[in-house]
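Given the structure is predicted, the values throughout are model-derived calculations rather than measurements. Only this structure's heavy atoms are used, side chains among them; waters, hydrogens and symmetry mates stay out.
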Amino acid sequence: RKGKEGRHGQLRAAAGSNNTLDGSAQFHGGKDDFHYAVTAEYSSTDGISAAKDRNGSDSLEDDGSMSKAINAKVGYDHQAFQTWLVYSRGHSRYDFDDDSYSTGRATDNPYNQQWTDMQIASWVFALPLMHGRWNNQLQLASVDNDYETYANDLANAPFVGESEYLANTDRRTVEYQGSFTLNEQNILQFGTEYIYEELATDYYSSSYGTSTFGDDIRQHGWYGQWLSSINALDFSLSGRVNHHDEFGSYDTYSATASYRLSDQWRLSGSYGTGFTPPNLLDLYNPALGGNSDLKPEETKSGELGIEYTGNGLEAKATLFDQHTSNLIRWLPDPLIPWTGALENVDEADSLGIEIVLDANQGDFEVNSALTWLDASETKEGKTSKRLRVPKWSASLVASYHLIKGRVFAEALYRGDRRDRNFSTGTDVTLDAYLLFNLGLSYELVHGLSLSARLNNLTDEQYEEVYSYATLGRNGTAILDWRF
């Protein structure tokens, strides 16, 4: 965020169920051509036990989490150029439970923990030329990520024992972005990017011994896009050529179009291809099933949409279709189901339609969405439903705007979903669920507001992952001061 002239700030404090505490402080400002912004954030919660009591656990130890971060930005806007520096550092910790090796259901474990430390730094230099028709931007960025996991399975599975995994990833990026305005109807965008990634790991297991690993990957690419407008038609054409150390050269492309039928009606469509290579952790992370034989994911996707806007109503229907080759996901070992690795699924397909309807009449507003999705995957000639993807999902939010605030009610629905008991190697079905939430916000005095939210009013018991618990009825209150 760019600081405004003068000095400004925002303080935010929140408290909620499960001893949840959140707080943030932001200060930003500027003088003459200089500007700055600094933000500090903290969040913690006792959480809940992922292993639900109906799983037969004797003790339900909560799985807490904590995160904190600081972000800073300082910049200088000259008449001929702009430049800024960004720095961010964050730390997080969370507890997690196990799956039972005999039943596949979640089991309490008070020892398992994961820590992450991330540090990001970047410098940007922007140079407009030809009275702003030709814009240039150079960015240098560095991302350093330290990841540590400790797992103790002595109580649940003595033959597995305890393990500790440490990984450090470094990512360095150099990118140039440019744009050139040919005329009011045509803009060219172009650029090039170089990425260097490095991974170093240490792995200890009381059952399997110690191992270390290190590797690096380089990528570079060029891209371009043409944006154009001809009367009622807006369209774009784009392409990208990349080279990857491990997977060679590849290219992707996309096209979009939007046609205005009238002041209220618009048609739109798009088609594109994608290529996503596995990262170093996907390839070489033994703690999460790294697999050096993984292939890149390749996608082809298209959309068709129609949109109406007028008389306080916005409505849009979108038909979408996506085909993915070599989808990457974790699969169990057929002989030892509670172990496994990341593997390529031969094919994955998603065909769906989404309908969005927003209505606004005076102080009353309704936002709704309905999605039907047929998602499947094929492995070795066998086609099945995608894991944890519902065929039907919907949301509805009704709001009433007060002079100094807002109240709202929300309903969320997700249909039943296929999941997997990875210990027994059998499919299970996650039941559909419907959640109701309430919320309000009110400005107490100028710059000082209070908001509150109550989630899962009916205390619905539902699962997003087989046998793992989710939050029951819970609430949060937030105090926000802007100055």
Side-chain angles (χ1 to χ4, degrees), residues 1-4 30 32-37 71-88 120-144 170-197 216-231 233-245 247-258 268-277 279 296 298-301 303:
R1 177 174 180 173
K2 178 180 176 180
K4 299 178 181 179
D32 298 328
D33 295 326
F34 290 92
H35 55 87
Y36 68 89
N71 309 281
K73 179 180 180 179
V74 60
Y76 177 70
D77 291 350
H78 189 268
Q79 198 171 26
F81 67 89
Q82 299 83 44
T83 186
W84 58 92
L85 291 167
V86 178
Y87 177 80
S88 177
I120 303 173
S122 65
W123 171 68
V124 180
F125 181 81
L127 180 65
L129 299 172
M130 300 177 64
H131 304 288
R133 290 184 63 191
W134 182 12
N135 290 292
N136 303 273
Q137 181 172 295
L138 177 67
Q139 175 172 292
L140 309 179
S142 170
V143 179
D144 181 70
D170 289 328
R171 181 185 177 98
R172 307 287 183 261
T173 305
V174 180
E175 183 175 12
Y176 165 78
Q177 296 178 348
S179 68
F180 187 80
T181 302
L182 299 173
N183 51 46
E184 290 184 358
Q185 291 77 35
N186 294 276
I187 298 174
L188 297 179
Q189 297 177 337
F190 42 87
T192 183
E193 183 180 34
Y194 173 83
I195 301 173
Y196 172 78
E197 292 181 279
D216 57 68
I217 286 178
R218 291 170 176 82
Q219 303 179 61
H220 59 269
W222 301 266
Y223 53 88
Q225 181 171 237
W226 173 29
L227 305 173
S228 185
S229 178
I230 303 174
N231 298 323
L233 176 65
D234 299 322
F235 67 89
S236 70
L237 298 172
S238 63
R240 184 181 180 104
V241 177
N242 258 50
H243 181 80
H244 191 286
D245 270 359
F247 304 108
S249 297
Y250 58 92
D251 56 78
T252 58
Y253 59 88
S254 66
T256 67
S258 175
S268 61
S270 66
Y271 181 81
T273 63
F275 186 95
T276 306
N279 60 40
E298 299 182 55
T299 60
K300 297 178 181 179
S301 60
E303 288 188 1

What residues, two or more places apart in sequence or in another chain, satisfy ring pair (Phe, Tyr, Trp, His ring centres under 6.0 Å) together with His220?
-> Trp222, His243
Would you say Val74 and Phe34 make side-chain contact, with heavy atoms under 4.5 Å?
-> no
Evaluate the side-chain proximity of His244 to Pro296: yes if any heavy-atom separation is below 4.5 Å, no if none is.
-> no
For Asp234, which residues count as a salt bridge (charged side-chain N to carboxylate O under 4.0 Å, His left out) partner, sequence neighbours excluded?
-> Arg266
Is there a donor-acceptor pair under 3.5 Å between the side chain of Arg133 and the backbone N or O of Thr181?
-> yes
Check: Gly221 main-chain N/O paired with Thr192 side-chain donor or acceptor under 3.5 Å | yes
Can you tell me how far OG of Ser179 sits from CG of Asn136, rounded to the nearest 0.5 angstrom?
-> 7.5 Å
Between Tyr223 and Gln177, is any pair of side-chain heavy atoms under 4.5 Å apart?
-> yes
Is it the case that more than 12 heavy atoms not belonging to Trp134 sit under 6.0 Å from its CH2 atom?
-> no
Does the side chain of Val86 come within less than 4.5 Å of Ile120's, by heavy atoms?
-> no
Evaluate whether atom CG of Asn231 has more than 12 neighbouring non-hydrogen atoms of other residues, nucleotides or ligands under 6.0 angstrom away.
-> no
Any sub-3.5 Å donor-acceptor pair from Thr273's side-chain atoms to Lys300's backbone N or O?
-> no
Side chains of Arg171 and Ile195 in contact at under 4.5 Å (non-hydrogen atoms) = yes
Any chance CH2 of Trp84 has more than 12 other-residue heavy atoms, nucleotides or ligands included, within less than 6.0 Å?
-> yes
For Phe275, ring pair (Phe, Tyr, Trp, His ring centres under 6.0 Å) partners two or more places apart = Tyr250
Less than 4.5 Å apart, any side-chain heavy atom of His35 and any of Gln82?
-> no
